[in-house]
Amino acid sequence: PRLGSMFPILLLSLFVSCSGQQKVEKKRPNIVFIMSDDHAYQAISAYNNKLIETPNIDRIAQEGMLFTNASVTNSICAPSRATILTGKHAHLHGKVDNVFPFDTTNITFPQIMHEQGYQTAMFGKLHFGNNPKGFDEFMILPDQGDYYNPEFISKRGDTTITGYVTDIITDLTLDWLKNKRQKDKPFLLFYLHKAPHREWYPAPRHYREFTKRTFPEPATLFDDYAGRGTAAGEAEMSLLHHMTISADNKIYPDVAHELGIEEPSDWGFRIFKSKYGRFTAEQKKQWDEVYGPINEEFKKLYPGMNDSDLLRWKYQRYMQDYLGCIAAVDENVGRVLDYLEQSGLSDNTIVVYTSDQGFYLGEHGWFDKRFIYDESFKTPLLMRWPGKIKPGSVSDEMVQNLDFAPTFLEAAGVHIPDDMQGESLMPLLEGTPEKWTRDAVYYHYYEYPGFHAVKRHYGIMTKDYKLIHFYYDIDEWELYDRKNDPNEMNNVYDDPAYKDVVKELTQKLYHIRQKYGDSDSLDQQFIQKYKERGIIKFN
Ligand code: SGN
Ligand code: CA
């Protein structure tokens, strides 16, 4: 199939020489790759509308395909982005965590498409520590970026733009689409939101509305991790203990001190002060009008709260701000989709909506990600391609962020390098799932010891099971029966009834590690590099 993907480009080249550039270029699809940061599939109404309506993001699935089993190879920001760009697992591209710099000798698919005549642009969050290669134009946030009055890095230098980040990234994207791009070339556009990344600062129009709402609690909010191993119990991402009252829940530091709320470090207070300190006078005024009364109410409630009351209150505060951020993403995605329609670009443009990973919205009492458990391993994926994807289709195949690079290269009629590890999604998009043969996906998380204390682990998922090995300072195995235990509450690794499954999955895991070139000795090399690196800066 890879050699086959050369033929369209050969035919196209023939066509160029006979009939000129324009006609040919029309046939190669444009790609708009929309990715937000930490957007859980639980917060997209195309998946379910318990928490929020996202009518604009949903349009992509209504007019295209919704993937219900899409996952990432390593549930953390920069490694996911490196996998998307290279089509390789982290142990090969080397960006195994958020801290090691991206090795720019890697060849990325935008570089290849650029060489093949695509115009390339990127707006928003990349989080690589270095600038993207192969782009005609980019304006990216430094590191995690800011919600209010963000700075941007571009080829022309740094600049700060007043306003709300999700609106600004969209303005830049639309300005490029309308006024800056060369209209006779196909384009590859990365439209990358910072939202809804921690610490979840919504725009005034949305916090006014969302702070009035109450959201349903997940079934596992009060999880005590009894059915799992050491790693779940030791992770530091609980709403009750690790979500900060100030930076995350927006209680002013003075109010927290007055109430005698102690936190393990003053980090949450410092972050809140620095974020609040970025506001203009007008933004502060608007903020205080809404969050002032929330603080007053909390002053009254807090003295009478027990742990479960506080957990419930934190969950509501969390959801109000997190979902408020998503409301702005959805509105802005609508602006871009509208422009594609109005300009006539829609018909020949592939639109993708995804996130760099999933996220916990109170499930298992958590926020953040990193684990191979469903909420963080799975990621939203919606794709529209008029004329190729049948509107309203759904795929439950196990696709991964690893697959974007080969998919887009094939769509553009470009040869897929042999060392790319993903599979082109083309058979699924074209409605021929019988040509899709993958029966398992591989996962590997590395950033430990580190922020949120999620232990190193790798694992395999099939449609029925998930087998996980936690290593480094423990040596523990977990097996989950996906069909009978969808919330992954009971590790059945030692249950005699699953003896054969354990045997079969262990072999499969061994083979998939071999197939992708991962190994115990590579694990040790990454641990060694990690130790040599010494002090780690997490952001
Ligand atoms: C920040 C967050 C963490 C988060 C990492 C990684 N803390 O450090 O909660 O896990 O980013 O996120 S924050 O309060 O400073 O935002 S990632 O999406 O970039 O991988
Ligand atoms: Ca992320």
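First listed ligand is number 1; within each ligand, the first listed atom is number 1.
For residues 70-90, the ring-ring contact (aromatic ring centres under 6.0 Å, His included) pairs, not counting sequence neighbours, are H89-H91, H89-Y442, H89-Y516. Residues in residues 371-380 take part in these side chain to side chain donor-acceptor pair (under 3.5 Å) pairs, two or more places apart or across chains: Y360-S376, Y373-E478, D374-K466.
Heavy-atom contacts of R370 reach the following atoms of ligand 1: 4 (C), 5 (C), 6 (C), 10 (O) (cutoff under 4.0 Å). The contact set between ligand 1 and H127, taken as ligand atoms under 4.0 Å from a residue heavy atom, comprises 19 (O). Residue contact check: N98 has heavy atoms under 4.0 Å from atoms 6 (C), 17 (S), 19 (O), 20 (O) of ligand 1. Atoms of ligand 1 lying under 4.0 Å from any heavy atom of D368, numbered from 1 in the order shown and given with element: 3 (C), 4 (C), 9 (O), 10 (O). Within ligand 1, the atoms closer than 4.0 Å to a non-hydrogen atom of Q357 are 18 (O), numbered from 1 in the order shown.
Heavy atoms of W267 come nearer than 4.0 angstrom to ligand 1 in at least one pair. Every heavy atom of E447 sits 4.0 Å or more from the atoms of ligand 1.
Just one of F371, Y472, Y471 meets the ring pair (Phe, Tyr, Trp, His ring centres under 6.0 Å) condition when paired with H457; it is F371. Considering R456, K455, R370 as possible partners of Y448, the one that fulfils the side chain to side chain donor-acceptor pair (under 3.5 Å) test is K455. The only option from I57, V351, I34, T54 that meets the side chain to side chain contact (heavy atoms under 4.5 Å, CB included) definition with L382 turns out to be I57. When each of L402, N401, V441 is paired with V72, the side chain to side chain contact (heavy atoms under 4.5 Å, CB included) condition holds for N401 and for no other. Put simply, the residue from T170, T173, D171 that forms a side chain to side chain donor-acceptor pair (under 3.5 Å) with N332 is T170.
N74 contributes a side-chain N or O that, together with a main-chain N or O of V96, makes up a donor-acceptor pair within less than 3.5 Å.
A salt bridge does not link K314 to D309: none of the charged nitrogens lies less than 4.0 Å from a carboxylate oxygen. Ion pair E331/R335 not flagged as a salt bridge, since none of the NZ, NE, NH1 or NH2 atoms sits closer than 4.0 Å to an Asp/Glu carboxylate oxygen.
Counting heavy atoms closer than 4.0 Å to ligand 1, residue F272 contributes nothing at all. When non-hydrogen atoms are compared, ligand 1 lies under 4.0 Å from the side chain of K125 (C-beta onward) but not from its backbone. When heavy-atom distances to ligand 1 are checked against a 4.0 Å cut-off, D37 comes that close only through its side chain, counted from C-beta outward.
Taking only non-hydrogen atoms, the option from M237, K369, E236, R198 nearest to atom 12 (O) of ligand 1 is K369. Compare H242, R81, E199 by their heavy atoms: the one nearest to atom 15 (O) of ligand 1 is in E199.
Around the CD atom of E532, the shell of radius 6.0 Å holds more than 12 heavy atoms that belong to other residues, nucleotides or ligands.
The N/O atoms of C77, backbone and side chain alike, include one that comes under 3.5 Å of an N/O atom in ligand 1.
Tally of protein N, O or S atoms closer to the Ca ion (ligand 2) than 3.0 Å: 5.
Among residues two or more places apart in sequence or in another chain, the ring-ring contact (aromatic ring centres under 6.0 Å, His included) test is passed with H364 by W366.
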